[in-house]
Student: 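Before I ask anything, let me first share the structure, which is written out below as structure tokens.
Computed over heavy atoms, backbone and side chain alike; hydrogens, waters and symmetry mates excluded. Count residues from 1 along the sequence.
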Amino acid sequence: MSIELAAFQSWLDDYGRAWESRDPRAAAELFTEAGTYQVTPFLKPMCGRKAIFEYWEHVARTEKDVRFGYEILAVTVEVCIARWWATFVIVPPGLQTKLDGIFLISLDVDRRCKSLQEWWHKQQD
């Protein structure tokens, strides 16, 4: 396993742990100070660790029973790509939610995310 692949796998593991434990600080710490996070291609990216922390504070308040998984599709020096999936319950009103998506991620030498773009499909019951 190359160091780039190992770094990306470790980053995704940390991301999953932060989401599953609903820890906005741990999620925000995965990003550089000036990192960007684009939740969908139709929204402007959040810019900076503070904005990303505030987004994850909202996630922690409104999602429970989170489960996250991924499959690495490609790793280059410039970009890492993964398919990911998650299930959780949105509270309120208790909607069971499934997401299936793609991450396009750029990491720095310290394994912090400089930019994250995601595309996903949602199913709710």
Side-chain angles (χ1 to χ4, degrees):
M1 183 172 1
S2 73
I3 189 67
E4 293 85 11
L5 180 59
F8 187 40
Q9 184 173 20
S10 178
W11 190 93
L12 288 166
D13 289 342
D14 291 345
Y15 180 93
R17 270 191 296 279
W19 194 1
E20 289 178 345
S21 65
R22 300 165 58 203
D23 186 343
R25 187 157 319 282
E29 286 296 318
L30 294 170
F31 291 81
T32 64
E33 281 295 331
T36 61
Y37 191 129
Q38 189 171 15
V39 178
T40 77
F42 304 110
L43 295 175
K44 288 177 63 175
M46 292 167 266
C47 297
R49 194 179 287 160
K50 182 178 186 284
I52 294 166
F53 173 79
E54 290 168 356
Y55 167 75
W56 279 99
E57 275 189 317
H58 174 76
V59 167
R61 285 192 311 272
T62 60
E63 297 174 2
K64 68 176 187 174
D65 303 329
V66 178
R67 297 293 173 260
F68 173 82
Y70 65 87
E71 173 189 8
I72 294 174
L73 301 177
V75 176
T76 71
V77 175
E78 293 84 26
V79 68
C80 303
I81 303 169
R83 175 178 173 238
W84 61 273
W85 51 89
T87 62
F88 51 88
V89 176
I90 294 180
V91 290
L95 287 173
Q96 182 65 43
T97 303
K98 296 177 185 177
L99 299 179
D100 194 319
I102 296 290
F103 281 149
L104 187 64
I105 294 175
S106 176
L107 299 176
D108 72 4
V109 296
D110 295 323
R111 204 180 50 94
R112 289 208 194 297
C113 183
K114 298 185 293 186
S115 69
L116 181 150
Q117 295 173 287
E118 62 184 29
W119 295 263
W120 45 265
H121 180 74
K122 174 172 55 175
Q123 179 183 15
Q124 287 183 315
D125 301 325

Student: How close do Ser10 and Arg111 get, heavy atom to heavy atom, and via which atoms?
Tutor: OG-NH1, 3.0 Å
Student: Look at the rings of Tyr15 and Trp56 and say which category their plane angle falls in: under 30° parallel, 30 to 60° tilted, over 60° perpendicular.
Tutor: perpendicular
Student: To the nearest 0.5 Å, what is the distance between CG on Leu73 and SG on Cys80?
Tutor: 11.0 Å
Student: Considering only heavy atoms from C-beta outward, does the side chain of Thr36 approach that of Gln117 to under 4.5 Å?
Tutor: no
Student: Does one hydrophobic cluster hold both Val79 and Leu5, with members joined at side-chain heavy-atom distances below 4.5 Å?
Tutor: no
Student: Find the distance between CD1 (Ile52) and CZ (Phe31) and round it off to the nearest 0.5 Å.
Tutor: 4.5 Å
Student: Distance from Glu29 atom CD to Cys113 atom SG, nearest 0.5 Å?
Tutor: 13.0 Å
Student: Determine whether Val39 and Leu12 fall in the same hydrophobic cluster, where Ile, Leu, Val, Met, Phe, Trp and Tyr are linked whenever their side-chain heavy atoms lie under 4.5 Å apart.
Tutor: yes
Student: Should Trp85 and Val59 be counted in the same cluster of Ile, Leu, Val, Met, Phe, Trp and Tyr side chains packed under 4.5 Å apart?
Tutor: no
Student: What closest approach, in Å, do Ala28 and Arg49 show between heavy atoms, and which atom pair accounts for it?
Tutor: O-CG, 3.3 Å
Student: For the pair Glu33 and Lys50, find out whether any cationic side-chain nitrogen is under 4.0 Å from an anionic carboxylate oxygen.
Tutor: no
Student: Verify, without hydrogens or angle tests, whether Asp110 (side chain) and Arg112 (backbone) share a donor-acceptor contact under 3.5 angstrom.
Tutor: no
Student: Show every donor-acceptor pair shorter than 3.5 Å between a side-chain atom in residues 63-72 and any protein atom, with sequence neighbours excluded, or say none if there are none.
Tutor:
| unit_1 | atom_1 | unit_2 | atom_2 | d |
| --- | --- | --- | --- | --- |
| Glu63 | OE1 | Trp19 | NE1 | 2.8 |
| Tyr70 | OH | Gln9 | O | 3.4 |
| Tyr70 | OH | Asp13 | OD1 | 2.6 |

Student: With a 3.5 Å distance limit and no angle check, can you tell me whether Arg22 reaches the backbone of Ala60 through a side-chain donor-acceptor pair?
Tutor: yes
Student: Between atom CZ of Phe103 and atom CD1 of Ile81, what is the distance when rounded to the nearest 0.5 Å?
Tutor: 13.0 Å
Student: Going from CG on Leu104 to CD on Glu78, what distance comes out if it is rounded to the nearest 0.5 angstrom?
Tutor: 11.5 Å
Student: Out of curiosity, Leu95 CG to Asp125 CG, how far, rounded to the nearest 0.5 Å?
Tutor: 8.5 Å
Student: Which residues pass the side chain to side chain contact (heavy atoms under 4.5 Å, CB included) test with Ala26, sequence neighbours left out?
Tutor: Ala18, Asp23
Student: Over all heavy atoms of both residues, which pair between Leu116 and Glu118 is shortest? Give the atoms and the distance, please.
Tutor: CD2-OE1, 3.8 Å
Student: Could you walk me through whether Asp100 and Arg83 pass the side chain to side chain contact (heavy atoms under 4.5 Å, CB included) check?
Tutor: CA-CA 7 Å; Asp100 194 319; Arg83 175 178 173 238; 2.5 Å; yes
